[in-house]
Amino acid sequence: MAQVTLQSVKKTYPNGFQAVKDFNLDIKDGEFVVFVGPSGCGKSTTLRMIAGLEDVSSGTISIGGRVVNDVHPKDRDIAMVFQSYALYPHMSVYKNMAFALKLRGVPKAEIDKRVNEAARILGLAELLDRKPKQLSGGQRQRVAVGRAIVREPKAFLFDEPLSNLDAKLRVTTRGELKSLHQRLKTTTIYVTHDQEEAMTLGDRIVVMSNGLIQQCDTPLQVYRHPVNRFVAAFVGTPPMNFLEGTLERGGNGLEFVEGSNDPSGRAYRLPVPASRAARVEGFVGKPIVLGLRPQMLTNTPGQNEASTMTMSVKVVEPLGDQMDVACATPKHGHVVARLHAQDGVRAGQPITLKVDMDAAHFFEPGEFGRNLVL
Ligand SMILES: Nc1ncnc2c1ncn2[C@@H]1O[C@H](COP(=O)(O)OP(=O)(O)O)[C@@H](O)[C@H]1O
Ligand SMILES: [Mg+2]
């Protein structure tokens, strides 16, 4: 096992494109870290540099305290699992797992021990004689993981290993990977574009965009305290709502003014609670963005008239015990509330929702606008 450290790592491809701009990260021994971000943000490039499959343009990468910039991939003592499991089709499950060890000249008895142990951990013991085409997608992916385990590497690198599996299998397999990590405690770096997968797996998640780390922290910290609008928008289901408006000083203190009127002709004005006021005061008279998670809108009006919004319902999506209700103001056409399931909420009707302003976020304008209430 080993710690993995990246210092000022940059990658410029031969065509001049800068895929990774300045990557700094200390991954602790035994930690499970997930790189997450939209397609093209530089996740695979970073992982491939750690694996040695891609040169580093500048900066240093160390594994277990040793700088590996010039170390050949096979001498880095790490194992990588890709989206396409690339098993050898003509070899049995056993041989697929044993192959790399055989190449390295590991004694036969040791190979046998490691393959059988990996097969037991992964529930493949009964399948060792099968060929890959006789396996389901999930089983093939487990063989690919098994091939990595038997090498007893210092670190595992996973690049979207579950993308080829159907939704249900993805959820079960990610649970297996997590419990596998809890057993083996091998340092793991895992790449995915799926924020839910990142949240469920990572000890820490690294949210990336355009070759830069936007935020790196535990899943709960990132969810509760996103540093900017990009992270806030990327993490959480359904995504956070953003209302662009202005901050004004009213008779009862600061108010967020959305800029349009509800069906009864009243302007949407939401009081900024004391817990938030000091942080946003500098924005009085200026544009500001209110960030509301769908869970911050609830269907229990009447408790505090001031913090409610009456909007028209566009679409209702039942989810069993809960439902997502997409609403609209004249200015913002898509404001989602996640409510407890109930009858009587219908498209085309108005709905009055209470807004939990004590939990609200405020951002500077812009896609990467800073979170003002961290
Ligand atoms: N060999 C290459 N030459 C030039 N650009 C590349 C090369 N490989 C990847 N890129 C670009 O670098 C960016 C990051 O790619 P990648 O690391 O694969 O992103 P991700 O894994 O986050 O989807 C993308 O814009 C991609 O098009
Ligand atoms: Mg990728």
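Heavy-atom basis, side chains included; hydrogens, waters and symmetry copies ignored. Just so it is clear, the model here is predicted, and its values are computed rather than measured. Ligands are counted one by one from 1 in listed order, and the atoms in each one are counted from 1 as well.
The one candidate from Glu367, Glu244, Glu364 that meets the salt bridge (charged side-chain N to carboxylate O under 4.0 Å, His left out) condition with Arg229 is Glu244. Looking at Lys331, His332, Glu258 one by one, the single match for side chain to side chain contact (heavy atoms under 4.5 Å, CB included) with Tyr268 turns out to be Glu258.
The distance cut-off of 2.8 Å around the Mg ion (ligand 2) captures these protein N, O or S atoms, sorted by chain and number: Ser44 OG.
Protein heavy atoms are found inside the 4.0 Å sphere centred on atom 5 (N) of ligand 1. In this structure, atom 2 (C) of ligand 1 is in close contact with the protein, since a protein heavy atom lies within 4.0 Å of it.
Nearest heavy-atom pair across Ser58 and Val56 is O-CG1, 3.1 Å. Pairing each heavy atom of Asp203 with each of Pro219, the nearest pair is O-CD, 3.4 Å.
How far OG of Ser92 is from NE2 of His90: 10.0 Å, rounded to the nearest 0.5 Å.
Proximity to Phe17 (heavy-atom distance under 4.0 Å) selects the following atoms of ligand 1: 11 (C), 12 (O), 13 (C), 25 (O). Near Ser44, with a cut-off below 4.0 Å to any heavy atom, the atoms of ligand 1 are 17 (O), 18 (O), 20 (P), 21 (O). For ligand 1, the atoms sitting less than 4.0 Å from at least one non-hydrogen atom of Gly42 are 14 (C), 17 (O), 19 (O), 20 (P), 22 (O), numbered in the order shown with element in parentheses. Ligand-side atoms of ligand 1 in range of Thr45: 14 (C), 15 (O), 16 (P), 17 (O), range being under 4.0 angstrom from any heavy atom.
Closest to atom 9 (C) of ligand 1 among all protein heavy atoms lies Tyr13 CE1, 3.4 Å. From the protein, the heavy atom lying nearest to atom 20 (P) of ligand 1 is Gly40 N, 3.5 Å.
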Inset, instruction - List the steps, then state whether salt bridge (Lys or Arg N to Asp or Glu O under 4.0 Å) holds for Glu248 with Arg269. - result: CA-CA 9 Å; Glu248 290 181 14; Arg269 302 177 78 94; 3.3 Å; yes

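Figure legend: Lys286 and Phe283 shown as a cation-pi pair, the cationic atom lying under 6.0 angstrom from the six-membered ring centre and within 45 degrees of its axis. Relative to the ring axis of Tyr223, Arg293 places its NZ or CZ within 45° and under 6.0 Å from the centre. Relative to the six-membered ring of Tyr13, Lys11 meets both conditions, a distance below 6.0 Å and an angle of at most 45° to the axis.
Under the 4.0 angstrom criterion for non-hydrogen atoms, Cys41 is in contact with ligand 1.
Between Phe156 and Phe158, the angle of the ring planes lies from 30° to 60°, which puts this pair in the tilted group. Ring geometry, Phe32 versus Tyr190: the interplanar angle falls from 30° to 60°, so the pair is classed tilted.
Looking at ligand 1, you won't find any N or O of Thr46 less than 3.5 Å from one of its N or O atoms.
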